[in-house]
Each structure stands twice: as C-alpha cells, then as structure tokens.
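These figures come from a predicted structure and were not determined experimentally. Counting starts at 1 for both ligands and their atoms, in listed order. Because only heavy atoms are used, hydrogens play no part in the values below, and waters and symmetry mates are left out as well, while side chains stay in.
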Amino acid sequence: MDMLWQYQFRIILLGDSTVGKSSLLKRFTDGVYSDVADPTVGVDFYARSLEIEPGVKIKLQLWDTAGQERFRSITSSYYRNSVGGLLVFDLTSRKTFEHIRDWQQEVSEHVTPHQMLYILVGHKSDLVKERKVSREEGERLAAALGIRYVETSAKCNTNVDRAFEMLTCDIYEMMKRGEISAYEGWDGVKCGFSARALYLPQEDTEQEKRCQC
Ligand code: GDP
C-alpha cells in the first residue's frame, strides 16, 4: 500500500504583524498571492507535502498565528508542539529585523524540553528600493543564531519553496541523526504507518547526498 506521507512536521511562522507570514504560507500551499491582506481569514493551519528524497514524503503542517502576534497572546502550546520555526522579518522594516532575537528568545523559553529548529527569512525581497536591511546583516544575524538565512518574496514567488525545503531538510537530517524523534504527547513530529517510515541506516551515504538542500 502506498503511503501519503511517512512523517509529519509541525512548523510555525514567527515574526511581527504584517511581515508577510500569511502571504508566505498562501504562496507555498496554494500558489497564490494577494496585495490585500484578508484579516477575516482566520485559518489556523495549512498543509503541503514535500518529497524530501525519492520515496520519502513529509507532510508539513504549517501554523499561522492568525493575527494573535499583534496582542502577544500566542499560547505556549503553539510553540511547544512544533519542531520548526520560520523567523520572518520584513526587509523594508528595521524594527521587524531587530525583533527577531526577541521572537527566538520567547519561543526558546516555551519549547523546553523539546528541540526547535529555525531558519531566518528576510521577506519582501521584491521591494528593492525600500530595503532597510542588507543581505550581509541578515546573514550575520543568522550566523550568530546558528541558523540558515534566505530572502523571499511571496509576490514574485522567489525562494518561497526553498525556505520551507531548507528547514524541512534540516529537521529531517536531525531526525536521521537521532537528535529528534516522534513521541506520544508531542505534535512536533509524527510518523506515518508505512514500513518505509523506518529509517534504514545502510542507505546513509546516498540519502545524505540527495538531501543537501
Ligand atoms: P502577516 O501579518 O505577517 O501574516 O502579513 P501578511 O501576509 O498579512 O502581509 C502583510 C502585507 O504585506 C500585505 O499587504 C501583503 O500583501 C504584503 N506582502 C506580503 N508578502 C509580500 C511580498 O513578498 N512582497 C510585497 N511587496 N508585499 C508583501
């Protein structure tokens, strides 16, 4: 029997209001973009599967804050039950860049004892003339946080898939090393029911080559 997915990763988007989190999610899951944000759409989560390597499909359950970040009312379980986080700032707003460390710290306080992996996303890269944060600054902050950096545009569909793929690969690699695993009572990682879900150590070398993203 063919499996729809072998693993499910729960991923959250973090960052100030209006940096473009919902737009990133909509572009990634539905392939659409709108210049007008629709605050009435209170969608909790989106989903999309990625074939991380031949035969291994990962379902991403992607959670949106649905505007709660405005009121700093995000609950601990929103953080605690996730395995990955996109730390998103708006390249045209220095303030949102300066708040990234606060976001990372806030999440880290809530996730213990679980592991959370991040990627830093400089968003709205299409607004070249309005840019207030340079690529070098983004890269420096990512290096200081020990994570990867990518610049995206939901409007022009630049690097959107790549951002999610990079984070998914990082999580998958950690899982292969045994540093993250699914367990009862935690929604960060879930296993499917296929025999393919079992990681086979003899496939190491080949899998590592394929999964360099
Ligand atoms: P959220 O509050 O972080 O979820 O942000 P939204 O996704 O609602 O986006 C806020 C505003 O930024 C909206 O007006 C979007 O149309 C706009 N926006 C989002 N992504 C982009 C982008 O890639 N480029 C440009 N130019 N605008 C964007």
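- Considering backbone and side-chain atoms together, L127 places no N or O closer than 3.5 Å to any N or O of ligand 1.
- Listed by number with element, the atoms of ligand 1 under 4.0 angstrom from any heavy atom of S23 are 6 (P), 7 (O), 9 (O), 15 (C), 19 (C), 20 (N).
- Atom-to-atom distance recorded for S153:OG and L127:CG is 7.5 Å, nearest 0.5 angstrom.
- The pair E98-K95 does not count as a salt bridge, with every side-chain nitrogen at least 4.0 angstrom from each carboxylate oxygen.
- In this structure, R48 is positioned above the aromatic face of F28, its NZ or CZ under 6.0 Å from the six-membered ring centre and within 45° of the axis.
- In terms of N/O distances under 3.5 Å, ligand 1 is approached by D126.
- Atom CG of L141 is separated from atom CD of E136 by 13.5 Å, given to the nearest 0.5 angstrom.
- Taken to the nearest 0.5 Å, the CG atom of L14 stands 9.0 Å off from the CD atom of E106.
- In the candidate list L13, L25, D35, D35 is nearest to atom 13 (C) of ligand 1, counting heavy atoms.
- Geometrically, ligand 1 and S34 share a nitrogen or oxygen pair separated by less than 3.5 Å.
- Which parts of ligand 1 touch K155 is read off a 4.0 Å heavy-atom cut-off, strictly below it: atoms 22 (C), 23 (O), 24 (N), 26 (N).
- Among E130, K21, R27, H123, the residue whose heavy atom sits closest to atom 3 (O) of ligand 1 is K21.
- Closest of all the heavy-atom pairs between I52 and I58 is CG2-CD1, 3.9 Å.
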